[in-house]
Amino acid sequence: MSKVTELFGSMVFNEEVMRERLSEECYMGWKSCIAEGKSLPINIATEMANAMKAWAIEKGATHYTHWFQPMTGVTAEKHDSFITPAGGGKVLMHFSGKELVRGEPDASSFPSGGLRATFEARGYTAWDPTSFAFIKDNSLCIPTVFCSYGGQALDKKTPLLRSLDEMSRQAVRILRLFGDNQVKKVTCQVGPEQEYFLIDKAVYEKREDLILTGRTLFGARPPKGQEMDDHYFGTLKPRVAAYMAELDEELWKLGVLAKTKHNEVAPAQHELAPIFCDVNTACDQNQLTMETMKKVAGRHGMVCLLHEKPFAGVNGSGKHNNYSLCTDTGLNLFKPGSTPAQNARFLLFLAAFVKGVDEYQTLLRCTVANAGNDHRLGANEAPPAVISIFLGDDLTAVVDSIIQGTEYVGQDKRSLAIGVDVLPHIPQDNTDRNRTSPLAFTGNKFEFRMLGSTQSIAGPNVALNTIMAEELQQFADVLEKAEDFNSALQTLIRDVFRDHQRIIFNGNGYEAAWLEEAKRRGLENFSCTADALQHYADQKHIDLFVKHGIYTEEEFRARSEIHLENYCKVIHIEALTMVDMVKRDIYPAVCTYMRQVADTIVSKKAAITSIPCASEERLLRRLSDLSDKMMAACERLEAALPGLPGGTAEDQAHYYRYTVFARMEELRVYADELETCTPSTLWPLPSYCDLLFSVK
Ligand code: ADP
Ligand code: MG
């Protein structure tokens, strides 16, 4: 066995380990609980817990933790050691079935959007047996869901699991109509590509803004940025190569299929792509990947920045969510087939996706809205804020011919009867991926490209799954009643493509003309989080989620509240940090420099009375003028910070965007200008050059 195959998954209590270490009865019991979505009976949980404990202790673990994904967007864990007193001053290593399946962390400090009454601060965690336990930092981590005392979801995993069940239920109904009696379950497969920056720890530690907010709040443009395109896919620098090698190893141990790694467009920017897997695992593993990226960077004297926009004027970081639906019999439902029936099935799932995205474009936009992503979307480095679907020329030609009932003008010219004809060959579009499209069809999957790099992939996938469930349900309702399935199918697909054609766009999404065109088509364009989230809790969205049992109305409103609050908090902290940096670092530095310039003028004049001092005087006036303006802007920002008295969460978000954030931008302009005329030896912060080219 090679080293990698030995290493891979060595820290995961996966199926292979279960088969080795559990009795047949226990193993089969676990399998059937998963297949049927039931909770584990206590005897199975007890044997499982014992086996897990023994395995974990052999691997050096001393603690266990219920590992969960609260609404903070990062993971949470509370460690308990296995030890229990055994009398006579001795201890035993103990871990029961009850401890495996259920935990009771104090929930009062996690965001709940008002769901958790303060008098009932208890929360519950329950093992999600579809996700494997693993060892991290000498702790056995048990992936769990997290809910309130009353059973309301307080985490990202619960709705994801609910959305998977519902999408599967509706997809299976459709597959039955195509005569497929084998499929029991449809899952959602996701491969999240993760972008990040690496900078040297020494420069990072000198930037209060990076430490407190993850992004630079000040910084003049460097003489060289990404314009030379010499970083993209370029040779890895030795420190980066060493980092990536260790990162791969750490991820492999955790069973993460880290596959591709390369330099990205901006200097110091990189990407890691795993091989796709079921979305629940992908979601857990993406969280682990982000955490491991940061941890390993520390060991290499570097810091990994996951923020969507660490540096103004330099490409930010996103996460591409490659999404497909797959049956338990191994069929990818977004893959064009080779027989008429397979093609008809493909076109039906495609139609459901097109219709769903068109109808729920606002919802999808909301799922990628956060303060960091506002700097990217629509900024010609990420897709525009308008949602559209790229199908590529070949598939679009097929769709057009279906709508018009005309001949398909492709490689071979003919008309296309759904369910009768074979589709023309649709090549996997590898060449021109159309990097500007928010949702691009790439041969057998859709790539949702709007996600921010810090984001959990749960939210966008909950929305995609639920939208698919809704559309497939509508289709199944019609088709199950049809007398002639084939002709009903033809009509349905044609009507859907005809009615939702506006969401399909294959052109350049970065062009201003597209925004005009999109407006004409009636597509929504929310340029920022504050605007988008005004619509998150729209009745239409509540109805969708409640109907499919993904969220109760209360749960969904709570989520909307949490997202809005989070946005305001982020901006608030950024603003406070800016004020602090201006008053305590930047302004004093500029004063020092002004004094030096003034001293120069005085001493020059003292030496030779008639000596010209025009350039020094101009400089001093400029410094004085800019610092005056900067301090005035700083005071205006500070004055805005008590926030809006009263008002809804929506009002607050609007205020933070259009008052606080607007004033932050104003302040930054003066400070950045001052950086360009102050000596680097006096400037208190490492420059963009120092940061972006810090890792050799
Ligand atoms: P790119 O050019 O965007 O890097 P790749 O083909 O390398 O494209 O795939 C990017 C990601 O998509 C990878 O994480 C890959 O595992 C994932 N992926 C590939 N096929 C599928 C699929 N059928 N469903 C979901 N994700 C997929
Ligand atoms: Mg990609």
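Just follow the structure's listing: the first ligand is 1, and inside any ligand the first atom is 1.
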Quiz item: Would you say E447 contacts ligand 1, with heavy atoms under 4.0 Å as the rule?
Solution: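 E447 counts as a contact of ligand 1 under the 4.0 Å cut-off.
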Quiz item: Would you say ligand 1 has an N or O under 3.5 Å from any N or O of S324?
Solution: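 Indeed, backbone or side chain, S324 has an N or O that close.
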Exercise. Kindly confirm or rule out an N or O of F276 lying under 3.5 angstrom from an N or O of ligand 1.
Key: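 Yes, F276 has an N/O under 3.5 Å of an N/O on ligand 1.
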Quiz prompt | Aromatic contact, F446 with Y323 (centres under 6.0 Å) | solution =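 Ring centroids of F446 and Y323 are no less than 6.0 Å from each other.
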Quiz item: So, for Y536 and H563, is the gap between ring centers shorter than 6.0 Å?
Solution: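 For Y536 and H563, the ring centres are under 6.0 Å apart.
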Self-check item: Per-atom contacts, ligand 1 versus I275 - under 4.0 Å to a heavy atom
Solution: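 Close to I275: 16 (O).
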Sub-4.5 Å side-chain heavy-atom contact between [X] and [Y]:
X    : Y    : result
T281 : F276 : no
L198 : Y243 : yes
E470 : K355 : no

Quiz item: Out of A282, A273, C326, P274, whose heavy atom is nearest to atom 14 (O) of ligand 1?
Solution: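 Comparing heavy atoms across A282, A273, C326, P274, the nearest one to atom 14 (O) of ligand 1 lies in P274.
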Self-check item: Residue portion contacting ligand 1 (non-hydrogen atoms closer than 4.0 Å) for E193
Solution: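 The side chain, only.
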Quiz item: Between T260 and ligand 1, which part of the residue brings a heavy atom under 4.0 Å of the ligand: side chain, backbone, both or neither?
Solution: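 Neither; no heavy atom under 4.0 Å.
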Quiz item: Between the side chain of E308 and the main-chain N/O of S453, is any donor-acceptor distance below 3.5 Å?
Solution: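 Yes; judged by distance alone, with no hydrogens or angles, the pair exists.
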